[in-house]
Structures are given as C-alpha cells and as structure tokens.
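First the structure, in the form of structure tokens, and then the observations on it.
Please read all numbers here as calculations on a predicted model, not as lab measurements. Letters go in sequence order (proteins before strands), and every chain restarts at 1.
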Amino acid sequence: DAGVIQSPRHEVTEMGQEVTLRCKPISGHNSLFWYRQTMMRGLELLIYFNNNVPIDDSGMPEDRFSAKMPNASFSTLKIQPSEPRDSAVYFCASRPGVRAEKLFFGSGTQLSVL
Amino acid sequence: GDSVTQMEGPVTLSEEAFLTINCTYTATGYPSLFWYVQYPGEGLQLLLKATKADDKGSNKGFEATYRKETTSFHLEKGSVQVSDSAVYFCALLNTGGFKTIFGAGTRLFVKA
C-alpha cells in the first residue's frame, strides 16, 4: 500500500491567493483527518470526516478554511484568501474506521504564505 | 476538555544514554494512550500504545506504562541511538471518541 498521499509537498504563495491542499487516504480507510502543525500551537485537529461526511469541523480556524471529501479516495483543504499566519505544515491522516485507533499520516504539505 | 502535556524540549543526549520523556494527561473516562514519532520531513508514525491501566506498550526498545493513578504515560529507552533523533508526541484517544489529542511534541537530539 502506498500510504496516505499528500500533494503538494511544498507550497509557496502570496497573501490573498487561494491555496488547495490534496490528500488521498489509504484504500479502505473511511476516517480522514486534517491536522495543522506549527511551532506555537503544536498539532491541531482541523476537521474530521467519516464515510466522506464531515463530522467535526470545530477546529477549522475561520471561514477562510474549507474542506471537502467528494469520495472515499480524495479530500481537499482550501484556504481562500490565504494569510501569512496560515503558514504551517498541514497533515492528512486516515484510519480504517471509528473503532480503529492507529492514525496513518501523510508526509505533509509545507505551506508558506508570503 | 481532554489534554496532553509533555515535557518541553529539546532533549539532547549522548549515544547509549537513558531516555525519559514525561507525559501526563487529562481525560474523562478511560482513554487509550499513544506515543507517535516524527522523523525529519515525514509524517507521524505510531511508536507504541497502551489501552488500559497498567498496560505496557513497547516497540524498538522504547517502553511506556499506562499509569492511571498518576495519569501519566512516560516514554523510556535504555540506550538511545543517533537514529532515534526525532520529535516524539504523546497522545490520547478517549473511549468512544474520534479525536486523537496530541501533546506539543518533544524534540530529541542524540549525539554520537
């Protein structure tokens, strides 16, 4: 299995631009998570999907952030408009189901907003 | 709400030294506890876990024991190697929950 695949690995953009981060979970995993990692706040859960449905988006910082999961093999996290304080590493993680405990992480997207 | 507190880093050790990274948690119910490791440029990987009180999780020479009375899950290794240099995250998952809550992470440097 290829593991959780995220793209791009690195993204550099200018303030005000739209940014789209992509994630392909492990086949057969029906729970998907987006996390953000910063030095100041550590690893924060942004949103959680189960069977493609958003279950909890209470961690999404503000309306500029949105996430979708149109099918079981693809999810996007969009920031529009982006701001310098959004600079962080964004991780996608998946797990086989609600009773599974182990999270499988992608390699992350390093986002820099200038 | 649920939370995890772990010792601040960085921790710098010489090869073959003994490692302890402290972790305490606050949670309702009976959470499962985890240590994840993040190597440079990579995502987090599960290192070990324990699901109930007094359980000991172990992997690759690392160990941690679930101590309900002290709400702790300290990570230990008897003899660290340079290849153990990474960031270590303590985490919990509460019973019936879906959110894995992570601590802030502790960076470990091991010198040859």
Side-chain angles (χ1 to χ4, degrees), chain A residues 1-10 21 23-26 29-60 88-110, chain B residues 1-10 21 23-27 29-52 55 57-60 64 66 73 86-107:
Chain A
D1 201 320
V4 177
I5 299 172
Q6 291 187 245
S7 64
R9 285 298 307 271
H10 302 275
L21 311 181
C23 175
K24 177 178 169 54
I26 293 173
H29 286 196
N30 59 7
S31 296
L32 184 140
F33 303 79
W34 283 99
Y35 283 88
R36 178 171 68 177
Q37 185 180 33
T38 62
M39 290 290 290
M40 291 298 293
R41 293 186 296 274
L43 204 60
E44 306 170 277
L45 177 63
L46 301 178
I47 188 168
Y48 158 63
F49 291 87
N50 190 52
N51 291 324
N52 313 336
V53 176
I55 303 300
D56 185 345
D57 64 355
S58 60
M60 296 286 262
V89 181
Y90 291 80
F91 287 104
C92 177
S94 69
R95 68 183 191 199
V98 292
R99 295 191 183 279
E101 295 185 324
K102 177 180 176 181
L103 284 171
F104 295 77
F105 281 80
S107 297
T109 295
Q110 174 79 58
Chain B
D2 297 348
S3 66
V4 175
T5 302
Q6 57 183 107
M7 62 188 288
E8 287 190 27
I21 300 178
C23 170
T24 57
Y25 68 91
T26 301
Y30 303 95
S32 294
L33 302 175
F34 310 85
W35 279 100
Y36 281 80
V37 58
Q38 183 182 26
Y39 297 103
E42 298 182 10
L44 283 69
Q45 308 171 24
L46 180 65
L47 180 59
L48 54 84
K49 73 173 188 179
T51 57
K52 62 183 187 295
D55 266 3
S58 62
N59 186 24
K60 300 181 180 179
Y66 190 142
F73 193 55
V87 181
Y88 292 83
F89 291 87
C90 186
L92 70 82
L93 176 65
N94 215 332
T95 306
F98 55 83
K99 288 184 182 181
T100 301
I101 306 298
F102 289 88
T106 302
R107 184 174 296 276

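- Using cut-offs of 30° and 60° for the angle between ring planes, the B:Phe102 and A:Phe105 rings count as perpendicular.
- Heavy atoms of B:Gln38 lying under 4.5 Å from chain A belong exclusively to its side chain.
- At a 4.5 Å heavy-atom cutoff, A:Phe104 makes no contact with chain B through either its backbone or its side chain.
- Between chain B and the residues A:Met39, A:Gln37, A:Glu44, the largest count of heavy-atom pairs under 4.5 Å involves A:Gln37.
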request  = Test side-chain contact (heavy atoms from CB on, under 4.5 Å) on A:Asn50 and B:Phe98 and set out the steps.
outcome  = CA-CA 10 Å; A:Asn50 190 52; B:Phe98 55 83; over 6 Å; no
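- Between B:Tyr36 and A:Leu103, some side-chain heavy-atom pair lies under the 4.5 Å cut-off.
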key: Candidate pair B:Ile101 and A:Leu45, rule side-chain contact (heavy atoms from CB on, under 4.5 Å), full reasoning   = CA-CA 8 Å; B:Ile101 306 298; A:Leu45 177 63; over 6 Å; no
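- Of the two parts of A:Arg41, neither the backbone nor the side chain holds a non-hydrogen atom closer than 4.5 Å to a non-hydrogen atom of chain B.
- Heavy-atom distances place no part of A:Thr38 under 4.5 Å from chain B, backbone and side chain included.
- Other residues, nucleotides and ligands contribute at most 12 non-hydrogen atoms within 6.0 Å of the OH atom of B:Tyr30.
- Atom NZ of B:Lys49 is separated from atom CD of A:Glu101 by 4.5 Å, given to the nearest 0.5 angstrom.
- Here the OG1 atom belonging to B:Thr100 is positioned 6.0 Å from the CZ atom belonging to A:Phe33, to the nearest 0.5 angstrom.
- To the nearest 0.5 Å, the span separating NZ on A:Lys102 from CG on B:Leu93 amounts to 14.5 Å.
- A:Gln6 does not touch chain B: none of its heavy atoms, backbone or side chain, sits under 4.5 Å away.
- A donor-acceptor contact closer than 3.5 angstrom is absent between the side chains of B:Glu42 and A:Ser107.
- When every heavy atom of A:Ser58 is checked against every heavy atom of B:Lys99, the shortest pair comes out as OG-NZ, 3.6 Å.
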